[in-house]
Protein chains: 2
Amino acid sequence: MSELGTKEKILNAAEHLFARDGFHNASLRIITEEAGVNLAAVNYHFNSKESLLHAVIERRLLPLNQIRRERLEQVRDEAVKKGEKPRARDVMKAFLEPTLRFRDSEPGAKDLIALMGRAVSEPDDTIRSAFFKLVWPLFMLLYEVLSQALPELPENVFFWRLIFSMGAMNFIMQIPQIKFPENQKFINIIDETDTDSLIEMITGYVTSGLEGS
Amino acid sequence: MSELGTKEKILNAAEHLFARDGFHNASLRIITEEAGVNLAAVNYHFNSKESLLHAVIERRLLPLNQIRRERLEQVRDEAVKKGEKPRARDVMKAFLEPTLRFRDSEPGAKDLIALMGRAVSEPDDTIRSAFFKLVWPLFMLLYEVLSQALPELPENVFFWRLIFSMGAMNFIMQIPQIKFPENQKFINIIDETDTDSLIEMITGYVTSGLEGS
DNA sequence: GTCTATAGATTGATAGAC
DNA sequence: GTCTATCAATCTATAGAC
């Protein structure tokens with residue numbers, strides 16, 4: 001059992017508190033208290049609160065994006081090899097499955113995924129940009145491969161259906177964090193749904209929506 | 001051209017700035033400056049910043065919810081009268097159409113809709129609760145009528161598909177506010193999509209997803 | 001009702017001893 | 001690298017004159 005360094009202790013506490021309370025509500029005093037380190041350590045190791053946020057994001061998002069990119073390229077390349085177009089279902093699953101499995105892989109991952117879901121609509125430019133900078137190239141790849149799967153759709157219809165799908169995905173990324181009003185039935189359903197089932201349900205849902213009526 | 005009262009000037013400025021900058025980032029100083037009134041006027045007319053938020057929300061959300069409730073009850077009652085089950089498409093359109101038409105009805109409505117979209121995942125308990133308190137009864141009605149339309153689905157599958165649909169709807173409520181990275185093609189598609197087309201597309205998308213494969 | 005002035009609390013960041 | 005102490009800026013809310 002190796003001791004965590006100060007830097008890592010701060011990253012873990014910040015990840016947790018940024019996700020739970022939001023970037024602005026999580027003060028450096030609370031973060032360093034939870035981490036069990038001195039207040040001044042943040043600025044020594046990370047220069048600023050904003051740089052700390054960047055470090056929190058990149059630590060987990062860079063490896064995750066690498067996996068999602070490989071999966072998407074694999075779907076694209078296999079279709080080319082067979083001389084067919086990729087299937088929308090395979091494309092969406094290549095994006096969704098690593099995301100949801102990653103969420104369950106480590107305790108902090110759930111926090112980062114929730115934080116990411118909220119960052120898309122974050123009003124603060126610096127926070128939102130920090131996420132888009134890392135996510136946008138992957139979104140463009142998804143756009144490219146998925147449009148190969150659905151070549152018959154007019155571009156504006158295709159665009160909007162992808163936006164709707166991103167909305168559905170983005171929402172479930174935040175679900176574990178959202179505190180719904182008391183309703184035990186709903187809470188039970190959420191708790192009792194395993195990752196495999198959720199992947200199957202969301203993939204099926206967005207595929208139906210994308211391929212349309 | 002009647003002069004706006006101080007109260008209304010504050011409500012309009014707060015609605016705009018809460019939506020643009022977020023509740024915590026929109027300070028009372030900036031709000032009263034944009035409204036052209038004195039800083040102390042907020043606490044005189046609304047007691048606190050939090051009460052101001054409540055007033056901003058209720059001003060527009062109560063009338064909108066009344067319309068959505070009537071539309072949903074109408075779909076339910078007409079199905080009962082005919083001795084049939086309601087159609088999922090009609091149910092979702094009864095919810096979606098008033099929401100998106102309302103968004104285009106007045107300048108401030110777009111701000112409130114965006115604010116509402118973000119409030120669902122707001123970490124601050126008091127802000128999130130302010131919205132859920134007003135929206136939850138309507139959500140329960142939607143749940144009831146839509147489950148009549150899709151009685152063959154297992155409840156957990158039904159629940160998740162509705163959640164995915166709420167995610168898609170929630171996302172497009174925020175779209176006008178989200179600043180995507182520069183990509184003129186996407187910005188053009190968003191700008192050139194009229195409300196009628198968007199209603200048609202999102203209704204079709206969620207209906208396909210809900211009815212499933 | 002509207003204003004000025006300020007209280008009282010909290011924040012991110014930093015200087016400087018060890 | 002870690003600590004204490006503190007600065008400078010910000011915020012909401014309020015007291016009290018007009």
Side-chain angles (χ1 to χ4, degrees), chain A residues 2-59 115 118-119 122-130, chain B residues 2-59 115 118-119 122-130:
Chain A
S2 69
E3 278 293 313
L4 292 179
T6 299
K7 245 179 124 158
E8 209 163 359
K9 283 195 273 190
I10 294 172
L11 284 171
N12 290 341
E15 179 174 68
H16 175 224
L17 293 168
F18 285 162
R20 196 192 66 183
D21 302 334
F23 179 72
H24 286 290
N25 294 48
S27 73
L28 293 181
R29 278 172 180 77
I30 298 176
I31 291 170
T32 50
E33 191 182 346
E34 171 161 321
V37 303
N38 188 271
L39 170 62
V42 170
N43 280 285
Y44 178 79
H45 287 286
F46 298 97
N47 292 323
S48 71
K49 188 182 180 184
E50 197 180 309
S51 299
L52 171 59
L53 175 67
H54 282 66
V56 166
I57 298 166
E58 290 183 2
R59 178 172 63 150
L115 184 58
R118 211 162 46 215
E122 172 64 46
D124 189 306
D125 270 344
T126 65
I127 302 177
R128 198 185 51 252
S129 305
Chain B
S2 70
E3 278 294 313
L4 292 180
T6 299
K7 244 178 124 158
E8 209 164 359
K9 282 196 273 190
I10 294 171
L11 283 172
N12 290 341
E15 180 174 66
H16 175 223
L17 293 168
F18 285 163
R20 196 192 65 182
D21 301 334
F23 178 72
H24 286 288
N25 294 48
S27 73
L28 293 181
R29 277 175 180 75
I30 299 176
I31 291 170
T32 50
E33 192 183 345
E34 170 159 324
V37 303
N38 188 270
L39 169 63
V42 170
N43 281 285
Y44 178 79
H45 287 287
F46 297 97
N47 292 323
S48 72
K49 187 182 180 183
E50 198 179 309
S51 300
L52 171 59
L53 175 67
H54 282 67
V56 165
I57 299 167
E58 291 183 2
R59 177 173 64 150
L115 184 58
R118 212 163 43 214
E122 172 65 45
D124 189 305
D125 270 345
T126 65
I127 302 177
R128 199 184 51 251
S129 305

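In what follows, every chain begins at residue 1, and chains take the letters A, B, ... in the order their sequences are listed. This is a predicted model, so every value here is computed, not measured.
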Just how far, in rounded Å, is P of D/dC11 from CG of B/Asp21?
11 Å

OP1 or OP2 of D/dT4 sitting under 4.0 Å from any side-chain N/O of A/Asn38?
yes

Contact under 4.0 Å: A/Thr6 side-chain N or O vs D/dT2 OP1/OP2:
yes

So B/Ala40, base contact, sugar-phosphate only, or nothing? Heavy-atom distance under 4.0 Å.
base

In whole Å, what is the span from the NE2 atom of B/His24 to the P atom of C/dG12?
13 Å

From the candidates C/dA13, C/dG1, D/dA13, the one with an atom nearest any side-chain atom of B/Leu39 is D/dA13

Rounded to whole Å, please give me the gap between NZ in A/Lys49 and C1' in D/dA9.
15 Å

Should the pair B/Lys49 and B/Phe18 be classed as cation-pi, given the thresholds of under 6.0 Å to the six-membered ring centre and 45° from the axis?
no

Which distance, rounded to the nearest 0.5 Å, do you find between the OG1 of B/Thr6 and the NE2 of B/His45?
4.5 Å

Atom-to-atom span, CZ of A/Phe46 to P of D/dT2 - whole angstrom:
11 Å

Between D/dA13 atom P and B/Tyr44 atom OH, what is the distance in whole Å?
17 Å

To the nearest angstrom, the CG-P distance between B/Leu28 and C/dA9 comes to 18 Å

Integer-rounded Å distance: C/dT2 P and B/Glu3 CD:
12 Å

Is there a side-chain contact between A/Ser27 and the phosphate of C/dT11, meaning an N or O under 4.0 Å from OP1 or OP2?
yes

Using a 3.5 Å distance criterion without hydrogens, assess whether the side chain of A/Arg20 forms a donor-acceptor pair with backbone atoms of A/Ala26.
no

Got a second to check how far A/Glu50's CD is from A/Phe23's CZ, nearest 0.5 Å?
6.0 Å

Just the rounded figure in Å: distance from C1' of C/dT6 to CG of B/Asn43.
14 Å

Using a cut-off of less than 4.0 Å, is there contact between a side-chain N or O of B/His45 and OP1 or OP2 of C/dT2?
yes

Just verifying a value: how many Å separate A/Leu39 CG and A/Leu28 CG, rounded to the nearest 0.5 Å?
6.5 Å

5′-ward residue of the pair A/Phe23/B/Val37 relative to DNA chain C
B/Val37

